[in-house]
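Okay, so here's the structure we're looking at.
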Amino acid sequence: MSERVMRCEDAAPLLDGFVDAELEGATLIDVARHAAACTSCDATLQELIALHETLGGHGRADADSVDLSGLWRSLEPQLVQADARRAWRRRLRTTPVWASALAIAASALFFLSPRTAAPPQSVATQVARRPNQAFIERIDSEGGRFELRRDRKNGTMLIMVSATGDDLP
Amino acid sequence: MASSDWELVQRSQAGDHEAFRELVERYQRKIAALALGMLRNREDASDIVQETFAKAYTNLDRFKGDSALYTWLYRIAFNLCVDHQRRDSRHTTVPLEVDERGGSPLPLPEGEPPRDDPFERTRDSEIRRQLDEAIRSLTPEHRAVILLREIEGLSYEEISHVLQVPKGTVMSRLHYARRQLQTLLRGAL
């Protein structure tokens with residue numbers, strides 16, 4: 001059986017992996033053999049191990065000093081909120097597509113349709129049909145013609161009329 | 001018998017807070033170690049632990065179990081730490097060898113007997129100070145790789161999952177970070 005001979009330049013990039021036990025079996029053995037015979041690589045390995053022990057020991061001790069006693073108390077209300085949001089998202093997901101499309105279309109119609117200042121037609125029509133109205137005054141403006149009439153029940157009303165003087169529907 | 005992570009995740013996904021609480025208790029210290037290592041500040045670390053679990057719970061539906069839960073939690077915590085550092089560029093940290101809550105000394109590493117010898121205590125404190133400075137001098141990416149490997153004991157594969165980088169990048173970052181620390185801690189180790 002022939003043994004592979006590893007040189008320092010081959011071993012150096014593998015030393016981290018050796019300490020971390022991340023090398024494959026055969027390579028691991030080659031590095032171990034090399035380090036056993038090489039004082040320089042062996043010293044590097046010892047330094048890596050010392051660093052690992054120092055960092056590990058102090059890091060864990062530091063983490064224990066973080067106060068987590070109130071963690072769950074602060075966390076639970078956030079979970080309740082998250083549950084509510086999740087339920088809402090699920091509800092949205094189960095809403096039929098046609099219903100969503102309909103809602104979007106209705107919103108679009110409402111917001112995109114042109115807005116015209118329509119006269120109070122229903123009032124005008126209603127008042128025009130009443131017999132007991134007294135004409136007070138006619139007003140001509142750029143926007144149209146209006147009449148001021150006196151109604152027994154409804155008091156003084158402003159009514160839009162056509163060019164011929166008829167009430168607009 | 002203790003439930004597996006995946007069982008607890010599934011129960012948590014269904015809204016079981018007790019199951020999620022079990023996961024929190026299982027991993028809170030690990031997340032705290034990473035956050036404290038990254039931010040070097042206990043209060044910030046505590047906030048990050050809380051944010052991590054809150055975010056994990058909110059996004060639990062996205063966790064499909066194709067990686068270990070703790071690597072997923074680490075990834076959330078790491079990203080939050082990076083965001084925190086970016087957001088708070090005026091970040092002021094309190095050296096960890098002094099307890100900002102009352103000046104009492106930090107606990108010794110687990111398993112070590114209390115040090116009665118004042119010389120030992122001073123030396124321990126000095127190593128801690130140097131270690132703190134050395135870790136703080138690393139970039140967040142190098143710091144994370146060192147913490148995940150040396151303190152949390154994650155494999156290269158797991159670290160690559162957490163940091164979302166190839167395994168080769170993990171190896172080169174780890175090599176670089178260790179050399180940096182060895183240089184900075186020469187004489188202390």
Side-chain angles (χ1 to χ4, degrees), chain A residues 11-24 27-28 31 40-41 43-93, chain B residues 12-13 15 17 20-21 24-25 28-37 40 42-43 45-46 49-51 53-54 57-61 96 99 101 106-112 124 127-128 131-132 135 146-147 149-153 155-157 167 171 174-175 178 181-182 185-186 188-189:
Chain A
L14 300 172
L15 294 179
D16 287 286
F18 180 80
V19 173
D20 296 327
E22 289 270 355
L23 300 180
E24 288 174 10
T27 317
L28 195 83
V31 174
S40 165
C41 287
T44 308
L45 279 181
Q46 296 309 318
E47 282 178 16
L48 285 173
I49 292 166
L51 180 69
H52 171 73
E53 284 171 358
T54 308
L55 284 168
H58 286 279
R60 276 186 289 274
D62 286 346
D64 288 342
S65 70
V66 176
D67 181 15
L68 298 173
S69 55
L71 176 64
W72 183 252
R73 212 172 35 252
S74 320
L75 200 56
E76 205 169 15
Q78 295 181 55
L79 304 190
V80 173
Q81 283 180 357
D83 283 340
R85 281 196 300 270
R86 195 180 294 164
W88 177 242
R89 275 204 304 267
R90 278 183 188 151
R91 211 172 301 146
L92 272 182
R93 253 182 256 140
Chain B
S12 305
Q13 283 172 340
H17 287 188
F20 192 70
R21 184 177 191 164
V24 170
E25 281 167 5
Q28 59 184 5
R29 283 285 155 211
K30 283 178 175 290
I31 303 299
L34 176 68
L36 185 63
R40 317 305 296 164
R42 286 188 191 83
E43 283 181 12
S46 174
V49 174
Q50 191 182 316
E51 278 183 63
F53 285 109
Y57 188 81
T58 307
N59 295 293
L60 212 53
D61 288 341
L96 287 176
D99 191 339
R101 286 170 301 176
L106 283 168
L108 283 166
E110 205 177 321
E112 283 193 24
D124 194 64
I127 291 175
R128 196 183 290 277
L131 198 62
D132 190 37
I135 290 176
I146 274 284
L147 296 165
R149 175 62 224 166
E150 302 287 15
I151 297 171
E152 301 307 315
S155 69
Y156 293 175
E157 192 69 45
K167 202 170 150 183
M171 290 160 75
L174 193 55
H175 181 78
R178 280 174 170 160
L181 291 178
Q182 281 178 328
L185 297 169
R186 203 165 288 284
L189 296 175

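Numbered from 1 within each chain, the chains take letters A, B, ... in sequence-line order. The analysis underlying the following values was restricted to heavy atoms, covering all of them including side chains, and did not include hydrogens, waters or symmetry mates.
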> Quick one: of A/Glu53, A/Glu22, A/Gln81, A/Arg85, who has the most non-hydrogen atom pairs under 4.5 Å with chain B?
Replying inline: A/Glu22
> For the candidates B/Lys30, B/Glu25, B/Gln13, which exhibits the highest count of non-hydrogen atom pairs separated by less than 4.5 Å from chain A?
Replying inline: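 The residue among B/Lys30, B/Glu25, B/Gln13 with the greatest pair count is B/Gln13.
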> Picking from B/Ala45, B/Gly37, B/Ala32, which has the most non-hydrogen pairs under 4.5 angstrom with chain A?
Replying inline: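 Heavy-atom pair counts peak at B/Ala32.
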>> For B/Arg149, is there an ion pair with A/Asp16 - N to carboxylate O distance below 4.0 angstrom?
In response: no
> Looking at B/Glu150 and B/Arg178, does any basic side-chain N land under 4.0 Å from a carboxylate oxygen?
Replying inline: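 Salt bridge flag = yes for B/Arg178 with B/Glu150.
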> Which bit of B/Ile146 is near chain A, if near means a heavy-atom gap under 4.5 Å: side chain, backbone, both or neither?
Replying inline: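 Just its side chain gets close to chain A.
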>> Counting only non-hydrogen atoms closer than 4.5 Å, does B/Leu34 touch chain A with its backbone (N, CA, C, O), its side chain (CB onward), both, or neither?
In response: neither
>> For A/Leu48, which atoms come within 4.5 Å of any heavy atom of chain B: side chain, backbone, both, or neither?
In response: both
> Just one of B/Leu147, B/Leu185, B/Leu181 clears the side chain to side chain contact (heavy atoms under 4.5 Å, CB included) bar with A/Leu55, so which one?
Replying inline: B/Leu181
>> Show the nearest heavy-atom pair for residues A/Leu51 and B/Gln182, with the distance to one decimal.
In response: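 What the structure gives for the nearest pair is CD2-CG, 4.3 Å.
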> Looking just at side-chain N and O atoms, do A/Asp20 and A/His52 make a donor-acceptor pair shorter than 3.5 Å?
Replying inline: no
